[in-house]
Amino acid sequence: MNRNSSFFAVESLLSLCKKLYNHFNADIIETDQYCIYQPTAEPSWYCRTHIWNNEPGREKELANFFGKLCREEKSPRLLSFTQEEVTSALPLALQAAGFSPYRRQMGMLIELPPDYSCHNNSNVIRVGSERIDEWAETCSASFDKPSMSKIMRTLVQDPTCLFYAYLQDGAIAATSITSLQPGNAGIHEVGTLQEYRGRGFCKALFTRSFVDAAKLGYHLVSLQASALGEPVYRSMGMQAVSQVVTYEYQA
């Protein structure tokens with residue numbers, strides 16, 4: 001696989017999927033064209049198939065293959081790809097095979113200078129096992145999605161997953177994860193409770209993540225941004241490099 005900008009923009013997400021599945025001893029299928037992170041007893045955003053690339057003229061065949069796997073419950077119902085890495089005919093083939101657009105994100109990167117430093121906000125803390133359930137509930141409420149406490153209890157044990165929280169009156173009001181893999185520190189699950197949005201909590205979390213990443217020798221930082229979050233991340237110096245597209249099997 002080419003380690004280009006599009007790859008780096010999604011590498012951290014897929015690395016986090018793989019870490020999670022390794023902890024659950026779940027099956028991971030990898031080929032030159034796609035990887036499948038099989039469902040566990042705890043289905044989540046991290047259950048997915050990701051297409052690296054596809055052969056021109058065989059889009060229908062590939063889409064039908066993934067549709068069949070979904071019907072047989074042999075693969076997750078979420079399927080993603082970076083728009084720049086696949087043919088333009090693939091999205092239409094996926095829709096014909098029973099997949100519907102689910103989410104579109106912007107893959108973003110920043111290269112930190114070797115001497116990067118910044119003042120850390122004292123309200124930002126590292127979170128360990130003792131507060132991970134509170135962290136998970138805040139994260140789930142921020143995104144209005146089911147609780148992932150069991151998954152996060154697993155990931156917080158991984159030394160390459162750094163959990164952060166912004167405290168407001170002693171309670172966790174905003175969340176983020178920095179997932180480390182060689183050469184790339186990916187930021188995930190950046191969420192703020194609705195009543196605290198617009199106060200700069202996310203920027204404070206990002207600053208702490210950048211500082212800690214630089215101290216650990218990581219100078220490339222990536223994330224997948226929603227339309228709502230993209231302007232905030234641009235203001236932090238991150239640059240858009242690719243479109244990360246996710247479909248869901250509906251048939």
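Excluded from the calculations below are hydrogen atoms, water molecules and symmetry mates; all remaining heavy atoms, backbone and side chain alike, are included. On a predicted model such as this, the values are computed, not experimentally measured, just so you know.
At a threshold of 4.5 Å between non-hydrogen side-chain atoms, the residues F24 and K150 count as touching. You'll find the side chain of L155 reaches within 4.5 Å of the side chain of L16, heavy atoms only.
S6 places no side-chain N or O within 3.5 Å of a backbone atom of E84 that could act as its donor or acceptor partner. A distance-only check finds no donor-acceptor pair linking the side chain of S140 to the backbone of E137 [under 3.5 Å]. Although no hydrogens or angles enter the test, the distance criterion places no donor-acceptor pair under 3.5 Å between the side chain of E134 and the main chain of A171. The backbone N or O of F8 lies less than 3.5 Å from no partner atom in the side chain of S12, so there is not a single donor-acceptor pair.
Remark: T160 engages K19, D158, L180 in a side-chain contact (heavy atoms from CB on, under 4.5 Å) (not counting sequence neighbours). With sequence neighbours excluded, the residues that form a side-chain contact (heavy atoms from CB on, under 4.5 Å) with Q33 are T31, N53, N54, E55. Not counting sequence neighbours, the partners of R126 by the side-chain contact (heavy atoms from CB on, under 4.5 Å) test are L162, Y164, R208. For Q239, there are no side-chain contact (heavy atoms from CB on, under 4.5 Å) partners at least two apart in sequence or on another chain.
Environment of CD in E130: crowded, with over 12 heavy atoms of neighbouring residues, nucleotides or ligands closer than 6.0 Å.
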Review point. For E189 and K145, what are the C-alpha separation, side-chain angles and deciding distance, and is it a salt bridge (Lys or Arg N to Asp or Glu O under 4.0 Å)?
Key: CA-CA 12 Å; E189 303 292 0; K145 62 185 180 183; 3.0 Å; yes
For this session: Using the side-chain hydrogen bond (donor to acceptor under 3.5 Å, both in side chains) rule, take Q243 and T82 through it: C-alpha gap first, then chi angles, then the decisive distance, then the call.
Result: CA-CA 6 Å; Q243 290 279 344; T82 50; over 6 Å; no
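In this structure, F66 has its ring center at least 6.0 angstrom away from the ring center of F99. Less than 6.0 angstrom separates the ring centroid of Y233 from the ring centroid of F206. With ring centers used as reference points, Y102 lies 6.0 Å or more from Y247.
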Listed pairs under 3.5 Å, donor-acceptor, residues 103-125 side chains, sequence neighbours left out:
residue	atom	partner	partner atom	Å
R104	NH1	Q83	OE1	2.7
N121	OD1	N123	N	2.8
N123	ND2	Y166	OH	3.0

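Under the 4.5 Å side-chain heavy-atom criterion for Ile, Leu, Val, Met, Phe, Trp and Tyr, V221 and V211 are members of the same hydrophobic cluster. Both I28 and I151 are assigned to one and the same hydrophobic cluster, defined by single-linkage of ILVMFWY side chains at heavy-atom distances under 4.5 Å.
For the 3.5 Å distance criterion, the side chains of S80 and R48 qualify, holding a donor opposite an acceptor.
Summarising the geometry, atom SG belonging to C70 is positioned 10.5 Å from atom CD belonging to Q250; distances are rounded to the nearest 0.5 Å.
Hydrophobic cluster membership of L92, counting Ile, Leu, Val, Met, Phe, Trp and Tyr whose side-chain heavy atoms lie under 4.5 Å apart directly or via other members: none, as it forms a cluster of its own.
Here the closest heavy-atom approach between residue R197 and residue S142 is recorded as NH2-O, 2.7 Å.
Note: W135 and F163 have perpendicular aromatic rings, judged against thresholds of 30 and 60 degrees for the angle between ring planes.
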